[in-house]
Amino acid sequence: MGVKKLLDLSGRNALVTGGSRGLGLQIAEALVEMGAKVAITARKKDELDSALSRLGTSGKAFVSDIGKRESIAPLVDDVTRQCGRIDILVNNAGATWGAPAEDHPLDAWDKLMNVNLTGLFVLSQLVAKRCMIPAKWGRIVNVASIAGLLGQDPRFAPTAAYTATKHGVVGLTRQLAAEWGRYGITVNAICPGFFPSKMTRATLDKTAKEIIAWTPNRRLGNDEDLKGLAVLLASEASRHINGQAIAVDGGASIV
């Protein structure tokens with residue numbers, strides 16, 4: 001099989017959470033470009049409607065809150081009813097909170113756990129059981145963070161809950177890969193460094209120059225930098241890549 005065929009996503013259905021903007025929308029665009037039909041979900045209908053204008057006829061939108069576990073099964077019901085089997089799941093939805101660990105609010109801790117980790121697990125569990133295990137094929141791509149590979153410098157980002165959840169995502173990625181690989185399912189994590197987005201705006205407004213200075217590539221991520229890896233991990237080309245957490249950070253996590 002040629003390389004182009006290995007990367008071709010024609011005939012595949014994907015679900016991207018947090019797909020209305022930022023990294024999630026960029027990944028959704030890449031999957032559509034490679035031939036997939038893509039369902040995106042997020043909390044805000046107006047942002048989803050705007051995103052659909054960039055995805056064309058290959059996109060569908062579903063309003064849902066991944067942080068509320070009772071909403072996840074109805075989401076899977078709606079997506080499978082309207083789009084068919086889910087072959088590719090991109091768990092991108094996430095939240096962050098900055099506060100010194102000694103003062104971190106517990107309600108914020110609970111919110112991040114529900115969105116970043118519990119919701120990701122519940123959705124992956126339902127999609128795997130309903131769609132991927134019966135099909136003996138599936139691709140789960142979890143968007144973690146370099147915060148899931150190391151600690152954050154508290155001068156820039158005191159994010160105890162966020163860092164804990166992203167370490168949890170990396171660990172869960174490896175465990176699901178270990179359990180579901182026998183079903184033809186691969187589970188991998190993308191660990192972005194700093195990319196300009198609504199979530200990172202406050203941090204980058206204060207520290208972008210310092211972050212760029214310590215990054216070997218001397219730049220932040222841009223709108224194209226996750227697309228190639230996301231397509232690879234969603235495709236047949238990644239069939240022997242499983243349980244990996246891959247940093248996309250310009251080398252920031254190696255120094």
Side-chain angles (χ1 to χ4, degrees), residues 1-40 51 54-56 58-59 86-94 120 124 132 137-149 166 169-170 173-174 176-177 181 184-200 204 211-212 215-255:
M1 186 182 297
V3 174
K4 288 184 179 180
K5 185 65 175 176
L6 286 170
L7 292 168
D8 184 15
L9 300 179
S10 299
R12 299 294 187 190
N13 295 327
L15 172 61
V16 180
T17 68
S20 63
R21 55 182 168 83
L23 304 184
L25 180 54
Q26 294 164 25
I27 291 172
E29 289 177 319
L31 301 182
V32 166
E33 183 177 339
M34 296 305 292
K37 294 188 180 299
V38 179
I40 56 174
R54 293 169 54 175
L55 298 180
S58 293
I86 299 169
D87 305 298
I88 300 160
L89 172 62
V90 180
N91 285 306
N92 170 73
L120 181 152
S124 299
M132 295 179 176
W137 198 94
R139 297 289 181 267
I140 298 176
V141 181
N142 296 325
V143 179
S145 167
I146 58 169
L149 303 175
K166 293 304 183 178
V169 170
V170 170
T173 295
R174 290 170 175 153
L176 296 182
I185 300 169
T186 65
V187 188
N188 292 288
I190 297 175
C191 298
F194 282 97
F195 282 67
S197 70
K198 185 176 181 180
M199 183 181 291
T200 62
L204 291 179
I211 291 168
I212 291 169
T215 300
N217 285 14
R218 297 295 190 268
R219 59 187 285 269
L220 301 174
N222 69 23
D223 292 353
E224 305 293 325
D225 288 337
L226 290 186
K227 290 183 175 182
L229 180 59
V231 168
L232 170 65
L233 296 179
S235 73
E236 186 64 16
S238 65
R239 61 192 172 201
H240 208 52
I241 302 171
N242 202 12
Q244 302 306 304
I246 304 170
V248 184
D249 65 351
S253 58
I254 64 168
V255 295

### Message
Tell me whether R139 contacts the main-chain N or O of S235 through its side chain, where contact means a donor paired with an acceptor under 3.5 Å.
### Response
yes

### Salt-bridge contact R219-D225 (side-chain N to carboxylate O under 4.0 Å)
yes

## Note on the structure
Between A234 and V141, the two heavy atoms sitting closest are N-CG2, 4.3 Å

### Query
For the residue pair R174 and A245, what are the closest heavy atoms and their distance?
NH2-CB, 4.1 Å

### Query
Can you find a heavy atom in the side chain of L55 that is under 4.5 Å from one in the side chain of L25?
yes

### Message
Quick one, V231 and E33 - any side-chain contact, counting heavy atoms below 4.5 Å?
### Response
no

### Query
If we only count heavy atoms from C-beta on, is the I241 to L233 side-chain gap below 4.5 Å?
yes

### Query
Is there a side-chain contact between L23 and F195 (heavy atoms, below 4.5 Å)?
yes

### Task
Please tell me if the side chains of R12 and W137 come closer than 4.5 Å, counting only heavy atoms from C-beta onward.
yes

### Query
Passes side chain to side chain contact (heavy atoms under 4.5 Å, CB included), I40 versus V38? Steps please.
CA-CA 6 Å; I40 56 174; V38 179; 4.0 Å; yes

### Query
Side-chain donor-acceptor pair under 3.5 Å between Q244 and N188, yes or no?
no

### Task
Report the distance from atom CD1 of I190 to atom CD1 of I146, rounding to the nearest 0.5 Å.
14.0 Å

### Message
Taking G35's backbone N and O only, do any of them form a donor-acceptor pair with D8's side chain (distance below 3.5 Å, no angle check)?
### Response
no

### Query
Rounded to the nearest 0.5 Å, how far apart are CD of E236 and CE of M1?
6.0 Å

### Query
A51 and S20: which non-hydrogen atoms are nearest, and at how many Å?
CB-O, 3.5 Å

### side-chain hydrogen bond (donor to acceptor under 3.5 Å, both in side chains) partners of N142, counting only residues at least two apart
N91, T173

### Task
Give a yes or no on whether the backbone of N242 and the side-chain of T186 come within a donor-acceptor separation of less than 3.5 Å.
no

### Which atom of L31 lies closest to which atom of A14, heavy atoms considered
CD1-CB, 3.8 Å

### Message
Is any side-chain heavy atom of D249 closer than 4.5 Å to one of F194?
### Response
no

### Query
Which atom names give the shortest non-hydrogen contact between T215 and A252, and what distance separates them?
OG1-CB, 3.8 Å

### Query
Which value, rounded to the nearest 0.5 Å, describes the distance between M34 atom CE and K227 atom NZ?
12.0 Å

### Atom pair CG (L89) and OG (S124), whose distance is rounded to the nearest 0.5 Å
5.0 Å

### Query
Are the side chain of N13 and the backbone of I86 linked by a donor-acceptor contact shorter than 3.5 Å?
no

### Query
What residues, two or more places apart in sequence or in another chain, satisfy side-chain hydrogen bond (donor to acceptor under 3.5 Å, both in side chains) together with N217?
none

### Task
Measure across P216 and G250 and return the closest heavy-atom pair with its distance rounded to 0.1 Å.
CD-O, 3.4 Å

### Reported CD-to-CG distance for the pair Q26 and N92, which is rounded to 0.5 angstrom
9.5 Å

### Message
For a 4.5 angstrom cut-off between non-hydrogen side-chain atoms, does I88 reach V90?
### Response
yes

### Query
How many angstroms lie between CG in L149 and CD1 in I254, if you round to the nearest 0.5 Å?
12.5 Å

### Query
Are the side chains of V143 and I27 in touch, meaning some heavy atoms are under 4.5 Å apart?
yes

